[in-house]
Amino acid sequence: MPLTRFTLRQIEALTAVAQTRNFGEAAEQLGMTTQAVSQLIAELESVLGFKVFDRTTRRVDLSSAGRDFLGSAETMLRHVHAAERAAADVRNRAAGVVRVGAPLVLASSAVPAAIQAYQATHPKVVVRVHDLAVDALVDAVAAGDVDLAVGPDRAVPAEVARHVLFDSLWVLWCARNHPLARRARLRWADLHGVALVAAGRDHERSVARMHASAPEGERVVPVEVVDNVSTALGMAVHGLAATLAPAYVGVVAEPFGLVMRRVVDPETVRKVCLYRPVARAVSPATEGFAEHLAAWLPAWSRKVLRGGGPPARSSWPSMSETAH
């Protein structure tokens, strides 16, 4: 039996008449004429190959075959209504799966807190966090491995959009008994000859870019490069080295007992951005969570970041405003 000949409207007519035992009442319930309901039942019986109702001048009763078929028809409608509700949830950003990439610190602090806040009003939206290296964030968005990414500013290809969320000073983190901890502020020249550990090649390159113009004998060069910022912070805790990182790292550095010292002359700012695909359409759930991140993360940064810097940005551009 071709499925295209079997319509949901016919099944709705069947269940309505079975419930009311009256074609007129069923028609009123469905917002149709009695004749239209009768026609739907006749068409359904033709497709099924058996009568679903026994009709008399006084009453309408399900036939024996109709009773056998009704349970399946009602189950079908329940599934259809569930599908309609699911579609409405997706359309209204109330349900769906969103994959978000972020480097270790943001993936373990800011992003989970943002998810918790969002799911308070969108409990059916599932957000999965992918902890990625900074260098892998943009590529993961471009390849479709994640729907969104949050992390330090990186160059983006044409297929990825970048939106600045907030600015974070590039600072020194060290143990409280470190010699530099006695200084309120540091100059880059003060770091010459200081044991520094860099977390990841991204941090190592950032330090190198900051001092490319300095005389060779005054350049700041990490003595060691580790993969994870948690390792760099652990080394700093035990006085093995200090580390340079964005100020937002304080959410994990301060519980370790580390102190932050601003490095000036010049003072360097690290931008944290939200990345999303341009050519590939995102789901309504992803769009909704992106808007939430764009408003929520700047507020988070104002709570956890110490010091000044440029004001946070919180507006999320429309698809037509998205720029690289």
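We count residues from 1, following the sequence as given. Atom set for the values below is all heavy atoms of this structure, side chains included, hydrogens, waters and symmetry mates excluded. From a predicted model like this one, the values you see are computed outputs, not experimental measurements.
- Remark: the backbone N or O of Gly24 is paired with a side-chain donor or acceptor of Asn22 at under 3.5 angstrom.
- In this structure, Val141 and Leu148 approach most closely via the heavy-atom pair CG2-C, 4.1 Å.
- Residues Ile41 and Val52 approach most closely at CG2-CG2, 4.0 Å, considering heavy atoms.
- Scored by the side chain to side chain contact (heavy atoms under 4.5 Å, CB included) test, Ser109 finds Val105, Val251, Trp300 as partners (sequence neighbours excluded).
- Side-chain polar atoms of Gln39 and Gln35 form no donor-acceptor pair below 3.5 angstrom.
- Not one N or O on the side chain of Ser46 forms a donor-acceptor pair closer than 3.5 Å with the backbone of Ala42.
- Proximity of a side-chain donor or acceptor of Arg99 to a complementary backbone N or O of Gly144 within less than 3.5 Å is detected.
- Under the salt bridge (Lys or Arg N to Asp or Glu O under 4.0 Å) criterion, Arg128 pairs with no residue at all, not counting sequence neighbours.
- Smallest separation of non-hydrogen atoms from Val37 and Leu30: CG2-CD1, 4.3 Å.
- The salt bridge (Lys or Arg N to Asp or Glu O under 4.0 Å) analysis of residues 106-119, with sequence neighbours excluded, yields no pairs.
- Residues forming a side chain to side chain contact (heavy atoms under 4.5 Å, CB included) with Ala195 (at least two apart in sequence, or on another chain): Val223, Ala241.
- Ring geometry, His292 versus Tyr118: the interplanar angle falls from 30° to 60°, so the pair is classed tilted.
- In plain terms, the two heavy atoms of Arg183 and Leu186 that are nearest each other are CB-CD2, 3.5 Å.
- The side-chain hydrogen bond (donor to acceptor under 3.5 Å, both in side chains) test applied to Ser72 returns no partner, not counting sequence neighbours.
- For Glu45, the salt bridge (Lys or Arg N to Asp or Glu O under 4.0 Å) partners at least two apart in sequence or on another chain are Lys51, Arg55.
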| message | One pair to check against side-chain contact (heavy atoms from CB on, under 4.5 Å): Arg154 and Tyr275. What are the steps and the verdict? | response | CA-CA 9 Å; Arg154 310 294 294 168; Tyr275 301 94; 3.8 Å; yes
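- Not counting sequence neighbours, the partners of Asp131 by the side chain to side chain contact (heavy atoms under 4.5 Å, CB included) test are Ala107.
- Partners of Arg176 under the salt bridge (Lys or Arg N to Asp or Glu O under 4.0 Å) rule, at least two apart in sequence or in another chain, do not exist in this structure.
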Could you list the donor-acceptor pairs under 3.5 angstrom formed between side-chain atoms of residues 231-239 and any protein atom two or more places apart in sequence or on another chain?
none

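- The minimum heavy-atom distance linking Val100 with Phe289 is given by the pair CG2-CE2, 3.7 Å.
- Residues passing the salt bridge (Lys or Arg N to Asp or Glu O under 4.0 Å) test with Asp61, sequence neighbours excluded: Arg21, Arg59.
- Residue-environment remark: CZ (Arg187) stays at or below the threshold of 12 foreign heavy atoms within 6.0 Å.
- Listed by first then second residue, pairs satisfying salt bridge (Lys or Arg N to Asp or Glu O under 4.0 Å) with a partner in residues 102-118 number zero, not counting sequence neighbours.
- The side chain to side chain contact (heavy atoms under 4.5 Å, CB included) search around Gln19 returns Gln29, not counting sequence neighbours.
- Here the shortest heavy-atom pairing between Pro152 and Leu137 reads CD-CD1, 4.4 Å.
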